[in-house]
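Computed over heavy atoms, backbone and side chain alike; hydrogens, waters and symmetry mates excluded.
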Amino acid sequence: MLYPIFAFGIPVFLLGLYCLFLGIRHYSTIPYLSFVLVIISGFLIVLSIQILNEADRISKQHAIATYGYDPSLLWLALIAGIVLFGISCVIVYKEWRTT
């Protein structure tokens, strides 16, 4: 779970997917598309927490030697997920208030 392709690749994929759906939502009238943004950002948060829990089980020196990166970089995906979740909730709230 701590291999770089998994620990960083999936969060980058989810960020790209979030941006794709944000663009689709901007140019489309599909209802409930904003809720998809909440689901993607929530999944990013949960995945980041699981990866961070796995990183806490091993020492920092062992992670750097084995996987080639500092485990503190994994916090970036969690912070991005929390920010995107907040943005998504604001978008959903604004849509709910206008309907």
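Evaluation of the side-chain hydrogen bond (donor to acceptor under 3.5 Å, both in side chains) rule for Ser88 yields Tyr18 as partners, not counting sequence neighbours. Partners of Phe13 under the ring-ring contact (aromatic ring centres under 6.0 Å, His included) rule, at least two apart in sequence or in another chain, do not exist in this structure. A search for side chain to side chain contact (heavy atoms under 4.5 Å, CB included) contacts involving Phe6 returns Met1, Ile10, Leu47, Ile51, not counting sequence neighbours.
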Side-chain donor-acceptor contacts of residues 19-33 below 3.5 Å, not counting sequence neighbours, with atom names and distances?
unit_1 : atom_1 : unit_2 : atom_2 : d
Arg25  : NE     : Ser34  : OG     : 3.1
Ser28  : OG     : Ile30  : N      : 3.1

Side-chain donor-acceptor pairs of residues 35-43 under 3.5 Å, sequence neighbours excluded:
unit_1 : atom_1 : unit_2 : atom_2 : d
Ser41  : OG     : Leu37  : O      : 3.0
Ser41  : OG     : Val38  : O      : 3.0

All N/O donor-acceptor pairs, side-chain side in residues 70-85, below 3.5 Å, sequence neighbours left out:
unit_1 : atom_1 : unit_2 : atom_2 : d
Asp70  : OD2    : Ser72  : OG     : 2.8

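Taking CD of Gln50 as the reference point, atom CG of Leu52 lies at 10.5 Å (rounded to 0.5 Å).
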Walk me through it: do Tyr67 and Ile58 pass the test side-chain contact (heavy atoms from CB on, under 4.5 Å)? CA-CA 11 Å; Tyr67 302 112; Ile58 61 173; 3.8 Å; yes

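Val46 and Phe8 end up in different hydrophobic clusters when Ile, Leu, Val, Met, Phe, Trp and Tyr side chains are linked at under 4.5 Å.
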